[in-house]
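What follows is a single structure, and I will ask about it in a moment.
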Amino acid sequence: MASLLDLAAELGSEEEDEDFEEGEGQNGHKPRKQDVDMDDSSEEEDDDDEEAAAEVREGFIVDEDEDEDERRQRRREKKKRRRAERDEDENLDEDDLDLIGLVRPDNDATTSTQSKFKRLKQGHRTAREDRPSRGVDDIFSEEDDELDERRPSARQQPHPFADEFDDFIEDDEFPDEERERLLEEQEVARPGRKAFTGIDGLKQSGLDENAAEDMRLAFGDGTEYDWALDMQDAMDDEAEGLDRPLELKDVFEPSQLIDRMLTDEDNAIRALDVPERLQLLRKPFKEVDLSPQEKADRSAEESAYVASMLLHRKRFPEFLVEPFKQSVAKVLHYINDENFEIPFIFQHRKDYLIHQEKEDDEFLEQSGNQAEEKAQRLLTQADMWEILDIDLKFRAMIEKRDALQATCRNLEEAAHITDDVLAELPMKTENIEEVQDIQDYLHFRYSAELKDINAMQAEANGTQKRARTGASIWEGVRASKVYNFVRAFGISADAFAQNTGKFGRRNFPEDSTERPDDLADSLLDPPNFNTGRDVLKVAKATFAEEIAMNPRLKKYIRTTFYSDGVLDCQRTAKGLKSIAEDHRYYEFKYLRQQSFGAVAQRPELFLRMLKAEEEGLVNVNLSLRNPKSVKQKLYTLIESDGFSEVAEAWNALRREVVDLAVDKLLSNISRNVKESLRAECEKLLGTACRERYAEKLDQAPYKPQGMELGTVPRVLTLSNGRGSHEDAICWAYLEDDGRVMETGKFTDLRIAMSDKTDRKGDDGKDVEAFIALVKRRNPDVIGVSGRSVETRRLISDLENAVEKFDLRGNEQPGDEERPPKLEVVTVNDEVARIYEHSIRGSKEHPNQPTLMRYCIALARYLQSPMLEYAALGKDIVSIKFEANQDLVPSDKLLKHLETAMVDMVNMVGIEINDAVSDPYKANLLPYVCGLGPRKAAQLVKVVNHNGGTVFNRAELVDGSEGRIAAINFQVWANSSSFLYIKYDGEDQDEEYLDGTRVHPEDYEIARKMAADALDLDEEDVKAETDENGPGAVIRRLVREEAQDKVNDLVLKEYADQLEIKFKQRKRATLETIRAELQNPYEELRRPFAYLSPDEVFVMFTAETRDTLSEGMNVFVRIRRVFNDHMEVKLDSGIDGGVSAAEYPDGVGGQDREGLDPRTAFQPNQTVQARVLFVNRKGLSVQLSLREEVLRRPFKKDIDRIPGEWDDAQEAADKKAAQKETEKKTGRAQRVIKHPLFRPFDAKSAEEALGSQGRGDVIIRPSSKGPDHLAVTWKVSDNIYQHIDVFELDKENEFSVGRQLRIENGKYNYSDLDELIVNHVKAMAKKVDEMTLDEKYQNLSRQKTEDWINTYLEANPKRAVYAFCINPRFPGHFYLLFKEGKQAQMCAWPVKVVPNGFEMQKTGYPDMLALKNGFKTRMQNAAKSRVR
C-alpha cells in the first residue's frame, strides 16, 4: 500500500507540490507524506491551456520530471503486485480442499460436514444464533468484553492493504446494539476466506507434496493464463493513456476545442481538398455514388430546376433564355463537379456568364467592316450566391426524394403494391414540399405495410425493433365494411385530384343505385359502427382525409394559395389595449387583405407582424381571397352529371366531403405558407443588408490629393467624445503601415478668426501644440468624429486652423509645388464604437483610454474600411445596415454579410506575405476563395514553418525541398490568383504574374501575349526563356516599359483560336490579362465614401427620421430668450430656434401688446414644442410654441392601398373603449389633447408603462371627478406612483384647468407640460440619483437589513447605514441604520420630492446633503446622550 501511495504522490503535478511548500512555510512544519498523498484532486490548479497546447503541437509531454520508461516500469510493478494479490485470493481455501477430499486437521467436524447450501443460507448469523440468549442480569457482565477481545473490531479485520493508515482515524464508541449491527455489516462485507499460499500455506492446509502435486495437476499453478493477463494489462495501459501521445482533447475542454476549431471534425475540414465554405454548406448532406449517366441526368435536372427559380425575376427577352440556362448549368458544373467557389467562377470563368451577340449582316460584310459584338451579362455575383443557395435546397429535396423512392421500391417488392401516385409523382416533384406531400400520402395510405416491411428488415439485419403499434383509425376503417361506402362515392381521391390538372381526360364519378342513407344502414359493422349515422360520418371523414392527403390536390391548393392568397392581421384583446396610435405596431393593427406580392415588397413589415404575433398582440392569418370560388370549382370536378334524386343526394354528400377536405387543406397549407413567407422575407431583408454592407466595403482607402487610388494615407484623428466640458480632445497619429506612432490629448483648440482677435494669444492654449504636431508628423488627412453635436464645433476649429495657419499635407522642404491644404474629414465611427470597448481593443492597446482607442479605430477606417470591417468578425451583426435587421436571425444575417466580404476581398486581393506577418491583415484570409478560418490558420502556420516568406504562388502547394504544402491543389486552384506577391524586379527568379490577378492556369497565355506585343518569334522566346526562365519575356516587357504594346493585340483572334483548339472561352479572361500586364492588381474599389448629411446627423445626434421629424412634439430646454426669437436645445444636443411668430398667444407681438417673452420664459426652463423643420446638414431645428399647433396629433404617414385597412373595426374599437371607460367612471369619456394622455385606469396605465423606462408618464382621467386628473409615472420596476392633480380655472368640464395643484397646493403648475418636466421628471432624476448612490442597495428591506447585520458581524463596532426602496409607498425609500452590532435596527422614511429629498420633515437638495444631514443628526443625538 505504501508503494501505491508513493506512486500517487509522484504523479501529482508540480503546482500541487509548490502549493504544499507554500503551506509549509505558513504553518511552520512539514506535513506528513501521506497527508500530501491524500490531498483531494479538486485542489489541483488548472494548467496553462496555451502552453499545454504548444507542447502538444511540438510532440512533448511535460507532466512530470521523470521519463516515460520509469513511469511504465513502475506501472508494470504495480500490475505485478495486483496480480500477486489476485493469485493469493485464487489459491485453495477450505472449500477447495473439501472438493478434493482433504480437510484441515484443526477444522471443526460439524462445520466440514454441514451442507454447503445451508451454510450459504445462514451466513454469519449461525454462530450468534448458537449462543444462549442473555437475560437482564447479563447486561453488565464481562462476557461482552471477553468476546470483543477475541473478535477483532470492524477496523481491525485482516485486510490485504493494511498499512500505516490503520490507526489514522480513532475508533468510535458505540452502544451494544449499534456495535452488533456494525459487526454484522462488517462480516457481510468481509471477503472470502484467506487462501493458503506458499510453503506456510501448504503446511497450514495439511497437504503433503504428493497431494499438492495432484492439486496442481487438477487446478494448475496459476501461470497458465499469464498471457491473457499481460494482454489485459496492455489494454489497461492503452485505455489509461500511458503509452499514447497527449492529444489536444486531453488538454482542452470540448467547448474550447470547438471555439478554437481544433476538433477532429475541424481537422478533417483542413485536410480535405475542397474549399472550406463548400464543405460546411454540404455538411448536412450525404455523398451519393452515381453512374456517369445518372450524374448527367441529375445535373440536367438541377440546372433546369435552378434556372426556373431565377428566370421569373430576371425577365430576359426570349433570345436570352436559352443562353441563361446554359450559363446556370455551367456555374453548377463548376460548383458541384470541379469544387470552384463563386469568386473563382466570377473572375476566371466570366466568359460563361456573358452572352455575346454578333451583328453580322450583309452590309457589314460588303463594306469590309468587322462585325460588332454586344455583350450582355447573364449572371452577377449575387445571382451565383443565390444559385449556391438553391443548389443546397435541391440537394435536400433530392436526398429526401431518393429515400422516398427507396421506400416505394421496398413497398412494391415486398408487399406487391402498385400505386399510380407513387409511380408517377416522385420524379415530377419541384420542391421539398411536394416530396413531403408524397411522404405523408405514403404513410397515410400504407402505414400497415410499411410497419411489416420495417419488421422484416429488422429481422433480416438481426436488429431488435420495437413491437408494432396498434393500427390507426384509418386502417380500421379500410378493414371494415364501412369502406364500401367510401367506394360508393364513385370516384377515387386520386381520380378527383387528376381533374384539377390542365391536361388529361376528366374522370367522372359513378352514382350508386342506393341512396346514401340506405346504403349506410346496410353497412353496419358492430361494435364500432352501430348506426347508419356512424357509417355515414366515418365514411365522409375517411374520403375527405384521402382527398386532403392526395399530393396532386395539395399541389393544386398550394399553387392557388400562392397566387390568390391574402394576409389579414387581427388584433388580440391584449393588442387592443397595448397598440395605441403611436405604437410601432399600429401600422398593421387593422391591416386586411394584403397580397403576397405586397409582402415581398416590404419584407420587414411581415416580419414585424410575426414578431407582434409572438408577443401576443396580433394574429396573422393567411387565407384565400375567395375560398368559395375555389370550392365551387372543385364541386364541378367531383359531381356526377346525373339528375335523379339519388344522384343529387350523392352530389350533395360529395360537396360536403370537398368542404371538409378543403378546410383542412387550407388550415395546414396556410401554416406552411406562413413559414415559407417568413423564410423568404428573412432572405430578402438579409439580401438588403448584404447590399448595404457591400456598398460600405466597396470603398478604397482615403486618397490624398495627387496620389493614386489605393494609396494608404498617414492619418491624424481627433475626437472630443461626448463633447462635455470635462472631456479632453484625444488624438492619435498612424503611419501608412498602420503603426500607432503617437497619441495625446488637447483641451482647447479654439481659433480666433476675426481681424480684431487674429493673434496667437486669442487662440486656444493647445493650438500651438496642434500646429507643431501637424508639421512634425506631416499627415495626409485629419479625421474627426464624435458622439455629440459638439463635434461639429471641433470640426469647425480644425478647419479654421488649417485655413489660418495654411496647413498642408506631406510638405517637404524644397518642393516646387506645394501640396494642397489638409482636408478635415468626418469619419464613420460605427466600427470605432465597437472597437473602443472590445476585447481586441483592450489587448492591442491596454494602456490607452477608450476614447484613444476610438481615435485609433477612426484612423484605421480611413486607411482601409474593409480591414476594419473584417476585424470585427462575428460582431459585424452589431452594425445597423437596415432598420429592422434584428428581425433576421443573427446566423442567417451573418451568412449574407459574409458573402459580401468574400466578394470584396477577392476583388481586392491580399498580399500573402503581408497577411502572414501581420495578424491585422490576416483577418482577410478566411474570406479568400477556397479558404476559411481553418484553412487560413493552417496556411499562416505552415508558411511561418517554411520560413515566413512566400516567393512564388507555386510554393503554397509545393511540398518539395523540405517544405510543407500550405494548402492542397484544389484549394490552391481556387485561391492562388487572389493571393499575390509584390514584384520589385530585383530577383531574376521573380514571376511578374504572381503579382497580378492572372491565374497560374493562364500564365502561358499571358506570356504568349507579351511575346507578341514585343514582336518576338518562337526562337527569340526560347532563347529568352532558356536564359532567364519562363517569366523572362514578361520581365523584359516590364523592364522595357512596353506594357502599352499589349493594347495593339487583337484579342478576339486569340479568343477564337483558344476556343477552337482547347474548347475554352477566354475572351473576357484575355481582357483581364491585358489590364493586369499594364497595371497589376489595380484598385477596383470606388473612392473613399464621404458621409452624407443624413448620416452625419444620425451619428452625432442618434436621431433618425423615425425619432425626429416634422410634426412631432418634443421637449426643449430654453437657453436664451429675446423679443424676436428664442434659442433652445433638445435632449439630443440639437440646437433649436423659435421665431417670434411661433410664440404662444398672448406672448410678444409686433406692437408689444403681449407679455414680454423674457417674462413668460426663463433660461433653463423646459417646455414642449412642435418641430416645424429639421435642418439635417446644419444640425438644427425650427420649432413652434403655439398652443393650436401643439394640440394637433402627430400621425405617421403610412401608404395604404384602398381596401387594406379595416376602418370599421378601428372605429368600433375606439367606440368600445370609450364606452368601457364611461361604464367605469359613470360619465362620458374625458379626452385631453395631449400626446401623453390615455383613456386608461390605474391598472391599464401600469401595464402600459411596464416595458418603459423610469420617469415615463401617462396622463389619465381621474375617478375623483371632472376637476381632477391622474398622472401615473414609473418609479422603478413594478413600482408606479399615481399623482392626483386638482384643476382650477377651467373653461368647461372637459378642458384642462389653467392652474394645476398637487398635495393641496404645495406644488402649483400652469400646464401639464410644466408639471411633467418640473415635477415628475425632476423626481425621476432624484430617484436615479438615489439608486446610483454607493449607499443604495437594490434589495428588499429584509435583505438590506440582513446585509447590514452581515457587515456588522465582521465590523461589530462600526455604524452602518444603507438606503433601499419602499415598494408599498412609491416615491419613498428606507434609510436603514445600526450604530453597532448590538444596537437596534432603525428605519427612517425618505421621500422623493421635486428637486430634492425629504427626511424627518427637512428638505435636502441632493444625496450628498441628505447623507450629511443624516450624519449630523446622528452626531447630535450621540452628543445629547453623552450629556
Considering all heavy atoms, the nearest Arg1119-Pro1163 contact: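 Heavy atoms of Arg1119 and Pro1163 come nearest at O-CB, 3.6 Å.
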Sidechain-backbone polar pair: Glu1187 side chain, Pro1144 backbone, donor-acceptor under 3.5 Å: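 Answer holds: no.
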For Pro1093, all residues meeting side chain to side chain contact (heavy atoms under 4.5 Å, CB included), sequence neighbours excluded: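 For Pro1093, the residues satisfying side chain to side chain contact (heavy atoms under 4.5 Å, CB included) (neighbours in sequence not counted) are Lys1177.
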Expected output: side-chain Ser719 to main-chain Ser785 donor-acceptor under 3.5 Å: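 Between the backbone of Ser785 and the side chain of Ser719 there is a qualifying donor-acceptor contact (under 3.5 Å).
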Polar side-chain atom of Asp1256 near backbone of Gly1253 as donor-acceptor pair, under 3.5 Å: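 At least one qualifying donor-acceptor pair exists.
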Residues, nucleotides or ligands: over 12 heavy atoms within 6.0 Å of Arg793 CZ: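 Incorrect, the count does not exceed 12.
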Salt bridge present between Asp1135 and Lys1129 (N-O < 4.0 angstrom):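 Salt bridge between Asp1135 and Lys1129, a charged N being under 4.0 Å from a carboxylate O: yes.
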Lys696 bridged to Glu830 by N-O distance under 4.0 Å: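 Result for this pair is yes, salt bridge flagged.
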Test side-chain contact (heavy atoms from CB on, under 4.5 Å) applied to Met866 and Met901, step by step: CA-CA 8 Å; Met866 184 177 69; Met901 179 62 79; 4.1 Å; yes
Donor-acceptor under 3.5 Å (Thr717 side chain, Gly783 main chain):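 Between the backbone of Gly783 and the side chain of Thr717 there is no qualifying donor-acceptor contact (under 3.5 Å).
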Ring center gap for Phe1097 and Phe1100 short of 6.0 angstrom: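 So the answer is no for these two rings.
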Sole candidate of Tyr702, Tyr869, Tyr835 that passes side-chain hydrogen bond (donor to acceptor under 3.5 Å, both in side chains) when paired with Tyr861: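 Exactly one option meets the side-chain hydrogen bond (donor to acceptor under 3.5 Å, both in side chains) with Tyr861, and it is Tyr869.
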Glu823-Tyr1090 side chain donor-acceptor pair, cut-off 3.5 Å: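 Their side chains do contain a donor-acceptor pair, which is all the 3.5 Å distance test asks for.
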Lys895, NZ atom: more than 12 neighbouring heavy atoms under 6.0 Å: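 Count not over threshold, so no.
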Sub-6.0 Å ring centroid separation between Phe1122 and His1125: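 Under 6.0 Å, so yes.
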Side-chain ion pair, Lys1274 and Glu1246, N-O less than 4.0 Å: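 Salt bridge absent between Lys1274 and Glu1246.
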Side-chain donor or acceptor of Asp568 paired with backbone N/O of Asn621 under 3.5 Å: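 Not confirmed, Asp568 side chain does not pair with Asn621 backbone.
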Arg750 atom CZ, neighbour heavy-atom count above 12 within 6.0 Å: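 Open: at most 12 neighbouring heavy atoms sit under 6.0 Å from CZ of Arg750.
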Greater than 12 external heavy atoms within 6.0 Å of Arg722's CZ: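 No, CZ of Arg722 has 12 or fewer neighbouring heavy atoms, counting only those of other groups under 6.0 Å.
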Side chain proximity check, Gln1168 to Leu1185, heavy atoms < 4.5 angstrom: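 No, side chains not in contact.
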Heavy atoms of other groups near Lys611 NZ, more than 12 under 6.0 Å: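 No.
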Main-chain N/O of Ser1092 paired with Glu1095 side-chain donor or acceptor, under 3.5 Å: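 It does hold such a pair.
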With Lys1243 via side chain to side chain contact (heavy atoms under 4.5 Å, CB included) - residues at least two apart: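 With neighbours one apart ignored, the set is Asp1241, Glu1247.
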Asp829 side-chain N/O to Ala832 backbone N/O, donor-acceptor pair under 3.5 Å: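 No; judged by distance alone, with no hydrogens or angles, the pair does not exist.
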Main-chain N/O of Ser796 paired with Asn800 side-chain donor or acceptor, under 3.5 Å: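 Yes.
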Closest non-hydrogen atom pair, Val1275 against Val1327: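 Distance-wise, the nearest heavy atoms are O-CG1, 3.9 Å.
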Arg1105/Asp1094 ion pair, N-O < 4.0 Å: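 Salt bridge between Arg1105 and Asp1094, a charged N being under 4.0 Å from a carboxylate O: yes.
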Donor-acceptor side-chain pairing of Asn720 and Thr791 below 3.5 angstrom: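 Present: a donor and an acceptor within the cut-off.
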Gln1165 side chain vs Phe1161 backbone, donor-acceptor pair below 3.5 Å: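 Here the side-chain-to-backbone pair does not exist.
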Heavy-atom donor-acceptor pair, Lys589 side chain to Ile579 backbone, under 3.5 Å: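 It does hold such a pair.
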